[in-house]
Amino acid sequence: MPNYAVEVKDLRKFFGEVRAVDGLSFSVGEGEIFGLLGPNGAGKTTALRIIATLLTPSEGEVRVFGRDVVRDKDEVRKLISYLPEEAGAYKYLTGYEYLSFMAKVYGVSDEAVRDGVRLSGLGNALGRYVSTYSKGMKRRLQVARALMVKPKLAILDEPTSGLDVAHAVYLRKAIRDYVRKYEVTVILSSHNMLEVEDLCDRVALINRGRIAAQGTPEELMSEYRAKNLEEVFVRVVGDALGLD
Amino acid sequence: MLWDLTKKELRNTLRDKKIIITSVLMPLIIFGVMGLVYGFAFSKAGHEVKESVSRIREEGTIVVCSMDSGLFTNLVVNFSKSLAHEVRVIYGCTESRIPGLLAKENITLAVYVPEGASENLTELKPVKVGVYARTDKASFTSSMTLNSLMSAYTTSLTSYVRTKILASKGLQPSEVISPVRAEEKVFFRGAITEPNTLSELSGSLIMFAFAPLIVVSMALGQAASSMAVENEEKTLEVLLSLPISRIKIVLGKLMGSLVVVLLSTISFGAGLAIYGYSILYSTTSTLSYAGATETQPVLTASVMTNLINPWFVVTLIAGTFISLLGVASLGILLGSLAPDVRTSSTLVGQLSFLVIIPGFLLVFLDLSTLGPAGQAIMIALSPFVAPILILKAYLENIPWVTPATLLWSLAFAGTLLYTSSKLLNSERLLTLQHKLLHRKLKTRVKTKHKQ
Ligand SMILES: Nc1ncnc2c1ncn2[C@@H]1O[C@H](COP(=O)(O)OP(=O)(O)OP(=O)(O)O)[C@@H](O)[C@H]1O
Ligand SMILES: [Mg+2]
């Protein structure tokens, strides 16, 4: 049995009547960058929250490096670092203090804080209170704090949402270099096809809580005879949405 | 780790100017300024009283309106002459003429002597005189001046008349008025003390009991908002995904809130000290026409030292700490249910009766009048105001209440702490947030439709 970083088996999550995740299965290899794509409400955030131990599955099983996210919550939390779709930082901490706080929480050295400073690209602004940051600056701080602790698994829910193109490209490159260097496994969700194509080793297209298509970007493009992932997305999901 | 969490809490709260202003500066300013203003008003009023007395001497007029023409009227006139610049007597003057006199002429005081006053005097029957002052103002200072002027006039007149009667019978007033001189003493907890001391003591300590009430309410609000701010600023989801045990998260919040409460307690105490000080030192000027008033010693040292017994101090501190712990845990529970700080203060406001009602009951009710069953009920009701209960039990000498209170409030605080760390559950909180968000969106859509 190969060593998977994440194993999701027949995962279901119901919120009353709503079936947010409905029979999802996939696995992510160690060191891989894995992308979740899908329309709004497809269940990406719900799936990522379950992997991050924040929600409990209604049915099915999720393992992170072999540990069950329900039974071994505490151990899983030590292995992961989770960036929510909407994440704030403490208003009256400076960016630098926030990074130091996170380093202490994960018990990593000051070296990690220096990496965080570099990843964020925020420079002198790190000395200011977070309350003075723009939306994009806050996002960069969040991505930096999620990655700098060198988790075994980074769970990033729309990491570059709210960033302008230049910063998104910068951050994407930073993520890729950093992750390769420290052998961090990444699972991320995104609405940006270019980003996914650029960054991800493998991709799963999710619709209505289940996998609609899965593979490397190249595999998906040739399977659906598409020029790019956007076309794949529209073919797979557009059908389901009844747009064609 | 716990210290890092606490440090984060403290930074995030104490750097917020709003929090510094409301919980640290306000108590100081409110009580300090109130005390200074109050003290200023008092000394102003005291000054005003003195002024008005000398004004009467220099330019005041007292009218004696008398239906009597004998000795009593003479006594009143002679007494009034020792006070006022001018004294006029109107004989055959009915009491109904007084308003007319006061309306027309510039008169400070009008004194009415009824018919038969001198006969009453010789028969040693009391005489009822009327004392009228005029004023056009209704203010703190003027009413205080007026009151002290009139009561000083009547008490001094009484003793003046009494002295004259006794002298006419060849008696020394001091011998007759107080033929027995008693010294009243109380044996209280190993020391002889004045009975007055005991009432002053219980009075001032009961006032002291309001302090824990305020501190506990502050802790409730502070803990609730420290949790609600995590929801408001969307920091909770990250916090809950971190490798930190839930109990540590709760403890970090507790310690953070307690430090803030400690700071505001200090500021509150400083404000209160200013308040007490300026009131104490502003009421010294009182009005007296004849003779000086005696002053009473406030607290005798021996009683205080006897009262401050180590067991009491230790239980009081422990009770305060336990109550704060319990109330802050409750605050964290409440705060986690609130999407923002404003909602959390509303929730806290609605639940503050939990603290205020038992607190007020305890401040005003004597435990000893309740009987053991009533005392047990009071203990059950008061897990958040344990220090007040301990103070009362100590002063009223009901020893079993103190350990019972400590145990019960400790159990209560422990349960709340455990519950709040269990309920700090991401599943529940995220679902709650989702619902609240949807409700907001729905109402927004509805209002748009209406427009
Ligand atoms: N805590 C919750 N309680 C109830 N319903 C929820 C909750 N979280 C999500 N849902 C519902 O589950 C479904 C999936 O939501 P989810 O947030 O996982 O989608 P998503 O793929 O992340 O969408 P998006 O691209 O908009 O972020 C939606 O219908 C949503 O309304
Ligand atoms: Mg989402």
Side-chain angles (χ1 to χ4, degrees), chain A residues 13-16 18 20 45-46 48-58 69-70 73-94 96-98 100-108 129-131 135 138 141-142 145-146 149 151 153-155 157, chain B residues 1-20 225-249 252-253 256 260 339-341 421-422 424-438 441:
Chain A
K13 179 69 186 178
F14 312 136
F15 297 109
V18 180
T45 296
T46 306
L48 293 181
R49 279 176 169 172
I50 292 172
I51 300 169
T53 75
L54 293 177
L55 294 176
T56 34
S58 305
V69 293
V70 180
K73 271 195 180 66
D74 293 338
E75 278 184 63
V76 171
R77 283 183 189 139
K78 283 183 199 138
L79 303 173
I80 63 164
S81 163
Y82 168 58
L83 171 66
E85 193 173 338
E86 270 188 276
Y90 300 99
K91 262 185 139 155
Y92 295 103
L93 260 58
T94 65
Y96 189 81
E97 285 169 345
Y98 185 67
S100 308
F101 168 67
M102 285 298 172
K104 293 235 175 67
V105 167
Y106 281 90
V108 291
Y129 288 165
V130 171
S131 58
K135 189 171 69 178
K138 282 182 198 156
L141 182 68
Q142 283 297 331
R145 87 71 204 149
V149 297
L153 172 69
I155 304 164
D157 200 349
Chain B
M1 184 68 263
L2 190 53
W3 169 236
D4 292 314
L5 280 167
T6 310
K7 201 164 68 182
K8 175 215 94 188
E9 281 307 317
L10 286 177
R11 281 179 168 155
N12 205 37
T13 42
L14 293 180
R15 284 175 183 172
D16 187 346
K17 290 199 188 68
K18 267 180 295 183
I19 292 187
I20 290 292
S225 68
S226 82
M227 199 65 217
V229 81
E230 299 262 3
N231 277 332
E232 187 173 310
E233 301 290 329
K234 302 264 182 310
T235 48
L236 191 63
E237 203 175 339
V238 173
L239 185 67
L240 293 177
S241 76
L242 299 177
I244 315 173
S245 69
R246 310 293 105 156
I247 195 91
K248 268 195 191 141
I249 293 178
K253 295 241 165 250
V260 176
D340 52 43
V341 175
S421 76
K422 281 293 144 201
L424 200 64
N425 166 310
S426 47
E427 174 99 30
R428 197 178 59 91
L429 297 176
L430 290 175
T431 308
L432 190 78
Q433 270 186 4
H434 185 87
K435 273 192 198 137
L436 288 165
L437 196 71
H438 266 244
L441 287 178

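Because the structure is predicted, anything quoted here is derived from the model rather than measured. Per chain, numbering begins at 1; letters A, B, ... match sequence-line order.
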Give, as side chain, backbone, both or neither, the part of B/E230 having an atom under 4.5 angstrom from any heavy atom of chain A. side chain
Would you mind reporting whether A/D74 and B/S245 have side-chain heavy atoms less than 4.5 Å apart? no
Is there side-chain contact between A/E85 and B/E237, with at least one heavy-atom pair below 4.5 Å? no
Search all heavy atoms of B/S426 against all heavy atoms of A/L55 and return the closest pair with its distance. OG-N, 4.5 Å
Against chain A, label B/L429 side chain, backbone, both or neither, depending on which of its atoms sit under 4.5 Å from a heavy atom there. neither
Under 6.0 Å from the NZ atom of B/K248, do we count more than 12 heavy atoms belonging to anything else shown? no
Need one label for A/A89: side chain, backbone, both or neither, based on atoms under 4.5 Å from any heavy atom in chain B. backbone
Got a sec, which residues hit salt bridge (Lys or Arg N to Asp or Glu O under 4.0 Å) with A/E97, two or more places apart in sequence or on another chain? B/R11, B/R15
Of the non-hydrogen atoms in A/A52 and B/S241, which two are nearest, and what is the gap between them? O-CB, 4.5 Å
Heavy-atom proximity to chain A below 4.5 Å, by part of B/L242: both
Where A/E86 and B/K234 come nearest, the two heavy atoms and their spacing: OE2-CE, 3.1 Å
Begin with the C-alpha distance, continue with both residues' side-chain angles, and end with the deciding distance and a verdict on side-chain contact (heavy atoms from CB on, under 4.5 Å) for B/D16 and A/K91. CA-CA 9 Å; B/D16 187 346; A/K91 262 185 139 155; 5.6 Å; no
Heavy-atom pairs under 4.5 Å with chain A: which of B/E232, B/R246, B/H434 has the most? B/R246
side-chain contact (heavy atoms from CB on, under 4.5 Å) assessment of A/F15 paired with B/L430: CA-CA 11 Å; A/F15 297 109; B/L430 290 175; over 6 Å; no
If the condition is side chain to side chain contact (heavy atoms under 4.5 Å, CB included), which residues does B/P243 pass it with, not counting sequence neighbours? A/R77, A/K78, A/V105, A/Y106
Which region of A/E75, side chain (C-beta onward) or backbone (N, CA, C, O), has a non-hydrogen atom less than 4.5 Å from a non-hydrogen atom of chain B, or is it both or neither? neither
Output for pair (B/N425 CG, A/T56 OG1), nearest 0.5 Å, gives 7.5 Å
If the threshold is 4.0 Å, N to carboxylate O, is there a salt bridge linking B/E233 and A/K138? no
OH on A/Y92 to CG on B/L10, rounded to 0.5 Å: 15.0 Å
Evaluate side-chain contact (heavy atoms from CB on, under 4.5 Å) for B/K8 paired with A/K104, printing each intermediate quantity in order. CA-CA 11 Å; B/K8 175 215 94 188; A/K104 293 235 175 67; over 6 Å; no
Using non-hydrogen atoms and a 4.5 Å limit, figure out which bit of A/F101 sits close to chain B: side chain, backbone, both or neither. side chain
